Q: 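What follows is a single structure, and I will ask about it in a moment.
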Amino acid sequence: MSFDVVVVGSANLDLVATTPRLPGPGETVLGSHFAQHPGGKGLNQAVAASRSGAAVAMIAALGDDDAGRTLLTVAEHEGIDVSQVVIVTGAPTGRAVITVDARAENSIVVIPGANELAHVDQLPTTIGSSTVVLAQLEVPIATVTAAFAAARAAGIRTILNPAPAPVGGLPDELLSLCDLVVPNEHEVELLGGVDRLISSGVGAVVVTRGAAGVTVTETAAELSNAATWSVAAFVVDPIDTTGAGDAFCGALAARLAAGADLRPAVRYAAAAGALATTVAGAVSSIPTTAAIERLI
């Protein structure tokens with residue numbers, strides 16, 4: 001079986017508290033609401049790609065617990081191939097503890113659990129039958145590097161969402177295997193800036209900047225210097241920004257896998273990310289192709 005997008009990444013159960021404002025260090029703030037949602041950057045992005053019409057497979061690890069079974073059911077319901085999702089006995093499914101304030105800003109703590117054990121055994125077989133491989137950094141860097149090496153060997157396009165961004169940056173070995181890197185405005189600085197990423201061999205850097213839109217820097221083979229261009233943000237009334245970046249990345253991967261050029265693919269992804277802020281939760285907020293096209 002062939003896939004448009006293979007996602008190598010995490011699956012978490014999100015524990016979300018809503019508060020008037022985010023607490024400062026040592027401060028206790030009374031919340032107004034609590035909810036549990038399926039999430040994790042890998043699952044979110046796989047759902048986003050699937051809802052944008054891509055045939056999606058996921059490579060991930062879950063714990064042998066209720067949370068893991070819930071997330072597996074969610075993926076299957078979304079039409080995602082889960083044949084390469086491993087159930088790990090003795091390890092908990094990943095969790096994310098999320099606080100969302102009245103301005104729709106959030107703070108997130110991720111506890112990886114089984115995500116730290118994501119395997120690489122079947123990567124060449126699964127990845128070799130795909131068009132785009134998409135990964136994040138809630139699974140080990142070694143896993144992502146192995147996946148991208150397999151993709152590069154097979155001539156498959158690679159997209160890295162470097163979140164959470166490690167302090168000190170990423171190894172050149174991984175960056176040189178990335179066709180696209182998609183950080184937000186904070187992550188790109190932790191990674192040393194756009195110039196550092198381009199000089200490490202990244203084909204294009206797509207920086208998401210929230211209400212300020214998206215800035216893309218790409219190097220074509222015929223250009224001696226990187227070319228930079230922007231896509232404006234779509235105006236919406238945000239409720240919760242959780243999952244917006246994941247909606248962007250999954251939608252971008254789906255459009256590129258469908259053969260779209262980078263500029264219209266980024267605009268489509270920007271619309272997906274904007275719509276995701278208008279609904280609470282991560283997976284629950286990810287829009288369909290029909291909704292995205294209406295906004296565009």
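Only heavy atoms go into these numbers, but all of them, side chains included; no hydrogens, no water, no symmetry mates. None of the values given here were measured: they were computed from a predicted structure.
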Q: Considering only heavy atoms from C-beta outward, does the side chain of Arg267 approach that of Phe234 to under 4.5 Å?
A: yes
Q: Evaluate the side-chain contact (heavy atoms from CB on, under 4.5 Å) criterion for residues Ile127 and Ser130: first the C-alpha distance (whole Å), next the side-chain angles of each, then the deciding distance (0.1 Å), finally the verdict.
A: CA-CA 5 Å; Ile127 286 173; Ser130 66; 4.2 Å; yes
Q: Could you give the distance from CD1 (Ile98) to CZ (Phe34), rounded to the nearest 0.5 Å?
A: 10.0 Å
Q: Below 4.5 Å, heavy atoms only, C-beta onward: do Ser285 and Asp240 meet side chain to side chain?
A: no
Q: Quick one, Ser52 and Ile292 - any side-chain contact, counting heavy atoms below 4.5 Å?
A: yes
Q: If you measure from CG on Leu62 to OG1 on Thr93, what distance do you get to the nearest 0.5 Å?
A: 5.0 Å
Q: Checking Asn12 against Glu138 for the side-chain contact (heavy atoms from CB on, under 4.5 Å) test, could you report, in this order, the C-alpha distance in whole Å, the side-chain angles of both residues, the deciding distance, and whether it holds?
A: CA-CA 10 Å; Asn12 297 325; Glu138 289 181 344; 3.6 Å; yes
Q: Under 4.5 Å between any side-chain heavy atoms of Met58 and Val47, yes or no?
A: no
Q: Measure the spacing between CD of Glu218 and CG of Asp179 and express it to the nearest 0.5 Å.
A: 12.0 Å
Q: Could you please spell out the steps behind the side-chain contact (heavy atoms from CB on, under 4.5 Å) verdict for Leu256 and Leu262?
A: CA-CA 7 Å; Leu256 292 175; Leu262 185 56; 4.3 Å; yes
Q: Just so I know, are the side chains of Asn44 and Val283 near enough to count as touching, which here means a heavy-atom distance under 4.5 Å?
A: yes
Q: Say you draw a straight line from CD of Glu173 to OG of Ser200; how long is it, rounded to the nearest 0.5 Å?
A: 12.5 Å
Q: Under 4.5 Å between any side-chain heavy atoms of Thr242 and Val16, yes or no?
A: no
Q: What I want to check is whether the side chains of Thr217 and Thr228 have a donor and an acceptor closer together than 3.5 Å.
A: yes
Q: Could you tell me whether Asp261 and Arg263 have a side-chain N and a carboxylate O separated by less than 4.0 Å?
A: no
Q: For the residue pair Gln136 and Val8, what are the closest heavy atoms and their distance?
A: OE1-O, 3.4 Å
Q: Please determine whether a side-chain nitrogen of the Lys or Arg among Asp14 and Arg95 lies less than 4.0 Å from a carboxylate oxygen of the Asp or Glu.
A: no
Q: Does any part of the side chain of Asp237, heavy atoms only, come nearer than 4.5 Å to the side chain of Thr278, both counted from C-beta?
A: no
Q: Establish whether Leu71 and Val56 are linked, either directly or via other cluster members, by ILVMFWY side-chain heavy-atom contacts under 4.5 Å.
A: yes
Q: Counting distance only, does the side-chain N/O of Thr158 pair as donor-acceptor with the main-chain N or O of Leu177 below 3.5 Å?
A: yes
Q: On a heavy-atom basis, which atom in Ala48 and which in Asp246 lie closest, and how many Å separate them?
A: CB-O, 3.9 Å
Q: Are Tyr268 and Val207 connected in a single hydrophobic cluster, I mean Ile/Leu/Val/Met/Phe/Trp/Tyr linked by side-chain heavy atoms less than 4.5 Å apart?
A: no
Q: Would you say the side chain of Pro166 lies within less than 4.5 Å of the side chain of Leu191, judging by non-hydrogen atoms?
A: yes
Q: State the CG-CD distance between Leu134 and Gln45, to the nearest 0.5 angstrom.
A: 4.5 Å
Q: Would you name the heavy atoms of Ala11 and Asn115 that are closest together and state the gap between them?
A: N-OD1, 3.1 Å
Q: Does Asn184 offer a backbone N or O that forms a donor-acceptor pair with the side chain of Glu187 under 3.5 Å?
A: yes
Q: Measure the spacing between CZ of Arg21 and OG1 of Thr99 and express it to the nearest 0.5 Å.
A: 12.0 Å
Q: On a heavy-atom basis, which atom in Ile159 and which in Phe148 lie closest, and how many Å separate them?
A: O-CZ, 3.3 Å
Q: Would you say Arg103 has more than 12 foreign heavy atoms packed within less than 6.0 Å of its CZ?
A: no
Q: Determine whether Leu160 and Val110 fall in the same hydrophobic cluster, where Ile, Leu, Val, Met, Phe, Trp and Tyr are linked whenever their side-chain heavy atoms lie under 4.5 Å apart.
A: no
Q: For residues Val100 and Ile239, report the shortest heavy-atom separation together with the two atoms involved.
A: CG1-O, 4.3 Å
Q: Ignoring hydrogens and geometry beyond distance, is a side-chain donor-acceptor pair present between Arg69 and Thr73 at under 3.5 Å?
A: no
Q: Before giving the answer on side-chain contact (heavy atoms from CB on, under 4.5 Å), spell out for Leu175 and Arg196 the whole-Å C-alpha distance, their side-chain angles and the decisive distance to 0.1 Å.
A: CA-CA 10 Å; Leu175 291 174; Arg196 152 76 173 134; 4.1 Å; yes
Q: What do you reckon, is CD of Glu185 surrounded by more than 12 foreign heavy atoms closer than 6.0 Å?
A: yes
Q: For the residue pair Thr215 and Arg209, confirm or rule out a side-chain donor-acceptor distance under 3.5 Å.
A: yes
Q: Under 4.5 Å between side-chain heavy atoms, hopping through other hydrophobics if needed: is there a path connecting Ile198 to Leu170?
A: yes
Q: Answer yes or no: is there a donor N or O on one side and an acceptor on the other, between the side chain of Ser10 and the main chain of Gly40, under 3.5 Å?
A: no
Q: Looking at every non-hydrogen atom in both residues, tell me the closest pair between Glu27 and Gly24 and how far apart they are.
A: OE1-N, 2.8 Å
Q: Among the clusters formed by ILVMFWY side chains lying less than 4.5 Å apart, do Ile108 and Val29 turn up in the same one?
A: no
